[in-house]
Each structure stands twice: as structure tokens, then as C-alpha cells.
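Atom set for the values below is all heavy atoms of this structure, side chains included, hydrogens, waters and symmetry mates excluded. By convention in this document, chain letters (A, B, ...) are assigned in the order of the sequence lines, proteins followed by strands, and residues within each chain are numbered from 1.
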Amino acid sequence: MLSPMPSEVSGPRDEAELLARAHALAGATLGELAPRVGLIAPPDLRRAKGFVGQLLERALGASAGSQAQPDFPTLGVELKSLPVNARGRPCESTFVCHIPLTEIGSVEWDESRVWRKLRRVLWVPVEGERKIGVPQRRVGQALLWSPDAEEEAALRFDWEELAGVIGCGDVESLTGHLGRYLQVRPKAAHGRVRRQGVDREGASLAVLPRGFYLRATFTGRILARHYVLPSRG
DNA sequence: TTGTGATCATCT
DNA sequence: AGATGATCACAA
């Protein structure tokens, strides 16, 4: 028999195994992990923005590909890497999913893409400051998380407001300013990309694709609640 | 082409 | 400095 390729890792059977695998990565650098899964750590992320996420997917045995499903379909768990600074605070917002512009007005929160993705997430903090070379960046302790009642209510409130604006045909008036924890921002290869949307009269029109993102204030609160983080000063 | 993985780069 | 809008790579 052929031995498995280094990049092939069978998926975890349950949450406990997934969490154990994730904890085993804590403290390792990206430069150490990359060759284990058949990757090479780039000098910077300008041309490899998804590198850290891809590396963790492989290292943890997530299903490859770009399907609109959780990374661990049988477990219903979504994997998210989270770039953090020296104080353990997120450096960036977190992309959640594309927005189905022509449908979202008729979707309920409970069946929304946002809720399906965020109901169970494995957060993996990774050093994200640009002054640290990518190969030298270390993986932190993973957190298997579900939103508590307060967090879910807040996300649902934002989602319903944002989905409502889109459903009314006002997607082009939306900016990243709206939404306390969840926001809508462009999500495209470049600014000339267009996809089908709906205007205020219900007619079809071509608009810049959008995605839902979690603000860093939200993910920062999650980390702060579950970890002891260094304080400033 | 669309959705996945995100960070970059600029403006306030 | 922090946040918004713009952008990059890859898979199916």
C-alpha cells in the first residue's frame, strides 16, 4: 500500500478528538507546521492571505474545498483562525460568509448561513502582527465555542437589521458602519465584480458582492471571556 | 463563476 | 490607531 500523503489527515471523529488535535498544535510555529502538511510558509501574507487558514485545515483534517458547509460537516463545527496581537486581541475582523442577496429577505435567522456557521466554531488564535515573520508566528490555544444566549441575541439583532436593509433593496446604501458586532462589507476579487441583486422596486440589478464579517470587538470579547489575557501596563 | 481561506491598504 | 473598503489565491 502507498503511504498517505503528508497533506492528508483523516477527519476527527468527534469534538474531543478535534480539540485534542488543536491543543497539540499550541505553541508550534507556522514554519514548523507547514512542511508537516505539505505547505511552505510564505515570507508574508500579501499574496497568500488564506495561508494560515489552509494550514490549520490540513493540520486538523478539515474537509478540503470551498463548499458552503462547515469545515467539519459531520461534527457541524466551523474552523476559524484568528490573528491576534501580543495582548491576545484580534488584529482583524472575521469573514463569515457570502450574502445571498436575492434570497436573504425571505430567510429566517435560524436557517441563515450566519447562524449555521457560527453556532459552533473552533477558534484558533495565531500570532498575526506583521512585524513577526510568518514562519515564526506561533499557534495559540484553541477554543471550541458556541454563542451564549446574549451573544446569539446580539448577532441575531444585527443580522435581522442588515438582512432587512438588503431585503428592502437597499444593499447599495449599506456600509461597514452598520451593525454592532456583525457588519456587511464587500467580498470580491476586485471592485469591478458584479452579481445579481435586487433594487428597491424588486427589479434585478448588478451589484458588488458582499459578505458578513464579525467585528474584532466581538471576537475579542470571546477571547477575553474564555482566556486570561495579558493586561496593558 | 462562486464560495472558501482571509489580510492589505487607505482614509479618517 | 482603528475601521472600512479593496484585494489576493485556490478549489470545484
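Pairs engaging residues 186-202 of chain A under the salt bridge (charged side-chain N to carboxylate O under 4.0 Å, His left out) rule: A:Asp170-A:Arg200 [sequence neighbours left out]. The stretch residues 39-55 of chain A participates, sequence neighbours left out, in these salt bridge (charged side-chain N to carboxylate O under 4.0 Å, His left out) pairs: A:Asp44-A:Arg46.
Residue A:Arg194 places none of its side-chain N or O atoms closer than 4.0 Å to OP1 or OP2 of B:dT1. Within the structure, a side-chain polar atom (N or O) of A:Arg47 is placed less than 4.0 Å from OP1 or OP2 of C:dA9. OP1 and OP2 of B:dT2 both lie 4.0 Å or more from every side-chain N or O belonging to A:His98. Applying the 4.0 Å criterion to OP1 and OP2 of B:dA6, one finds that A:Ser81 has a side-chain N or O inside that range.
When heavy atoms are screened at a 4.0 angstrom cut-off, A:Pro83 is found touching the sugar-phosphate backbone but no base atom.
Partners of A:Glu17 according to the salt bridge (Lys or Arg N to Asp or Glu O under 4.0 Å) rule, which considers only residues two or more places apart in sequence or in another chain, are A:Arg13, A:Arg21. Not a single ring pair (Phe, Tyr, Trp, His ring centres under 6.0 Å) links A:Phe51 to another residue, sequence neighbours left out. The side chain to side chain donor-acceptor pair (under 3.5 Å) test applied to A:Thr175 returns no partner, not counting sequence neighbours. Partners of A:Tyr213 according to the ring pair (Phe, Tyr, Trp, His ring centres under 6.0 Å) rule, which considers only residues two or more places apart in sequence or in another chain, are A:Phe95. Looking at residues two or more places apart in sequence or on another chain, you find no side chain to side chain donor-acceptor pair (under 3.5 Å) involving A:Gln54.
For the pair A:Leu45 CG and C:dC10 P, the interatomic distance rounds to 13 Å; values are reported in whole Å. Rounded to whole Å, the distance from CD1 on A:Ile40 to C1' on C:dC10 is 16 Å. Atoms CG (A:Leu56) and C1' (B:dA6) sit 12 Å apart, rounded to a whole Å. Between A:Arg210 atom CZ and B:dG3 atom C1' there is a gap of 17 Å when expressed in whole angstrom units. Nucleotide B:dG3 holds its P atom 13 Å from the CZ atom of A:Phe212, rounded to whole Å. Atom-to-atom, CZ of A:Phe95 to C1' of C:dT7 comes out at 13 Å; the value is rounded to the nearest Å. Between A:Arg195 atom CZ and B:dG3 atom C1' there is a gap of 9 Å when expressed in whole angstrom units. The distance from atom CZ of A:Phe51 to atom P of B:dC8 is 13 Å, rounded to the nearest whole Å.
Rotation axes derived from the C1' atoms of the five outermost pairs at either end of the helix from B:dT1-C:dA12 to B:dT12-C:dA1 lie 20° apart, to the nearest 10°.
The hydrophobic cluster of A:Val198 has no other members, since no ILVMFWY side-chain heavy atom comes under 4.5 Å of it.
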Please report the C-alpha distance between A:Ile222 and A:Glu151 in whole Å, then the side-chain angles of each, then the deciding distance to 0.1 Å, and finally whether the side-chain contact (heavy atoms from CB on, under 4.5 Å) criterion is met. CA-CA 9 Å; A:Ile222 294 173; A:Glu151 289 164 337; 4.1 Å; yes

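Between the side chains of A:Gln196 and A:Ser204, at least one donor-acceptor pair of N or O atoms lies under 3.5 Å.
Taking every side-chain heavy atom of A:Lys80 into account, B:dG5 is the closest of B:dT4, B:dT7, B:dG5.
The stretch residues 120-132 of chain A touches DNA chain B through A:Arg130, each having a heavy atom within less than 4.0 Å of the strand. Across residues 99-118 of chain A, not one residue has a non-hydrogen atom less than 4.0 Å from an atom of DNA chain C.
With contacts defined as side-chain heavy-atom distances shorter than 4.5 Å, the pair A:Val171/A:Ile99 does not qualify. In this structure, A:Val114 and A:Leu155 have side chains that are not in contact, with every pair of non-hydrogen atoms separated by 4.5 Å or more. Side-chain contact between A:Arg120 and A:Phe72 is absent, with no heavy-atom pair separated by less than 4.5 Å.
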Are any protein N/O atoms closer than 3.5 Å to N/O atoms in nucleotides 2-6 of chain C? If there are, list each pair with its distance.
residue: C:dT4; atom: OP1; partner: A:Gly176; partner atom: O; Å: 2.8
residue: C:dT4; atom: OP1; partner: A:Arg215; partner atom: NH1; Å: 2.6
residue: C:dT4; atom: OP1; partner: A:Arg215; partner atom: NH2; Å: 3.2
residue: C:dT4; atom: OP2; partner: A:Gln183; partner atom: NE2; Å: 2.9
residue: C:dT4; atom: OP2; partner: A:Arg215; partner atom: NH1; Å: 3.0
residue: C:dG5; atom: OP2; partner: A:Gly176; partner atom: N; Å: 2.5
residue: C:dG5; atom: N7; partner: A:Arg185; partner atom: NE; Å: 2.7
residue: C:dG5; atom: O6; partner: A:Arg185; partner atom: NH2; Å: 2.9

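Between A:Trp115 and A:Trp109, the angle of the ring planes lies from 30° to 60°, which puts this pair in the tilted group.
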